[in-house]
Each structure stands twice: as C-alpha cells, then as structure tokens.
Amino acid sequence: LDAVAEYIRAENPDVVLLQEVDRGASRTGWIDQHAELLSRLPLMRDERSCWYWRALYVPGPKHEHLGRVHMHLSVFSKYRLGTCRRVPLPLISSDSCLMR
C-alpha cells in the first residue's frame with residue numbers, strides 16, 4: 001500500500017479510481033485497504049467506496065482458500081463527490097454470445 005500511495009502522490013491526480021480494493025478480507029489480513037490508502041493520501045479531500053464482489057467464503061484456490069472476500073471499487077478525489085452507486089452490467093445468460 002505504501003508503494004501505491006507513493007505512486008499516486010507522485011502523479012498528483014485530481015481523481016483516482018481503483019478496483020479490487022479489499023475492505024476487511026482474509027486474503028489481505030483483514031486490512032481495510034481503502035481506509036489505509038486514504039490515510040496516506042492527505043490531498044484527497046473526498047472519497048467513496050462501493051462493493052463489487054463479496055462472499056462469506058471462497059474455497060479456492062485449492063492450496064490456499066481465499067476465505068471472506070469483500071472487494072470494492074474506490075474513488076479518491078481532491079474535489080467534493082456526489083453519491084456512490086454500483087451499476088452492474090447485465091449478466092450473460094449463456095455461452096451463445098461466444099458462438100456468434
């Protein structure tokens with residue numbers, strides 16, 4: 001997380017969009033990566049986070065189970081943000097699109 005925060009600070013963006021940010025998942029030692037990054041980015045005045053994959057337990061991969069998964073999309077901004085909402089794309093109901 002230190003390297004990610006250092007890179008963001010060096011680039012000095014107005015808005016940062018991140019995906020696969022764990023918030024209390026077992027695979028990252030229960031760390032809230034969103035909160036940890038925010039604490040390392042003092043110029044970011046506003047933030048939002050919205051889940052995009054959560055599961056109580058993922059029994060794979062075979063050699064080391066992921067356990068609890070709680071992945072988020074994170075937005076950090078130097079400017080005030082509005083509300084956050086997740087808009088999922090429609091699910092593909094079959095493999096038929098691959099046959100076209």
Side-chain angles (χ1 to χ4, degrees):
L1 289 177
D2 287 332
V4 173
E6 183 179 325
Y7 180 82
I8 293 169
R9 284 192 305 269
E11 292 297 317
N12 195 27
D14 291 335
V15 177
V16 176
L17 307 169
L18 300 172
Q19 66 183 35
E20 295 196 24
V21 178
D22 282 333
R23 300 200 77 176
S26 59
R27 75 177 184 159
T28 52
W30 308 103
I31 294 171
D32 185 341
Q33 292 180 325
H34 178 91
E36 289 293 322
L37 279 172
L38 184 61
S39 71
R40 291 168 168 83
L41 300 170
L43 294 179
M44 296 299 168
R45 296 185 180 142
D46 208 354
E47 50 80 24
R48 296 289 184 273
S49 176
C50 186
W51 71 271
Y52 83 97
W53 186 35
R54 51 187 173 182
L56 292 176
Y57 189 79
V58 177
K62 188 176 182 178
H63 64 282
E64 183 180 358
H65 297 185
L66 288 178
R68 179 177 180 236
V69 174
H70 208 214
M71 277 192 240
H72 281 241
L73 305 169
S74 291
V75 179
F76 302 104
S77 175
K78 291 181 179 178
Y79 307 100
R80 188 170 181 174
L81 299 169
T83 59
C84 175
R85 141 180 110 124
R86 179 179 173 265
V87 181
L89 297 173
L91 296 175
I92 298 172
S93 60
S94 71
D95 294 338
S96 62
C97 68
L98 299 175
M99 302 297 182
R100 294 182 195 162

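As the structure is a prediction and not an experimental result, all values here were calculated from the model.
- Considering CZ of Arg48 and OG1 of Thr83, their distance stands at 7.5 Å, rounded to 0.5 Å.
- The minimum heavy-atom distance linking Gln19 with Leu73 is given by the pair CB-CD2, 3.6 Å.
- Put simply, Val75 and Leu38 are part of two different groups of oily side chains (I, L, V, M, F, W, Y) that touch within less than 4.5 Å, one to the next.
- For Glu47 against Phe76, the heavy-atom pair with the smallest separation is CB-CD2, 3.8 Å.
- Of the inter-residue distances, the one linking Ser74 atom OG with Met44 atom CE reads 12.0 Å to the nearest 0.5 angstrom.
- Distance CD1/Ile8 to CG/Leu18: 5.0 Å, rounded to 0.5 Å.
- Between the side chain of Asp32 and the main chain of Ala35, a donor-acceptor pair closer than 3.5 Å is present.
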Check against side chain to side chain contact (heavy atoms under 4.5 Å, CB included), Val15 and Leu81: CA-CA 10 Å; Val15 177; Leu81 299 169; 5.6 Å; no
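- Side-chain contact check for Arg9 versus Arg40: some heavy-atom pair is nearer than 4.5 Å.
- Under a hydrophobic-cluster definition in which Ile, Leu, Val, Met, Phe, Trp and Tyr are linked whenever side-chain heavy atoms come within less than 4.5 Å, directly or via other members, Leu37 and Val16 are assigned to the same cluster.
- Separating the SG atom in Cys50 from the NE2 atom in His34 is a distance of 11.0 Å, to the nearest 0.5 Å.
- For Arg85, the CZ atom sits in a loose shell: 12 or fewer heavy atoms of surrounding residues, nucleotides or ligands are nearer than 6.0 Å.
- Here the CZ-CD1 distance, from Arg23 to Ile31, works out to 13.0 Å after rounding to the nearest 0.5 Å.
- Note: Ser77 OG to Leu17 CG = 9.5 Å, rounded to the nearest 0.5 Å.
- Contact record, Tyr52 with Glu20: OH-CG, 2.5 Å, taken as the closest heavy-atom pair.
- Side chains of Met71 and Val21 form no contact here, defined as non-hydrogen atoms less than 4.5 Å apart.
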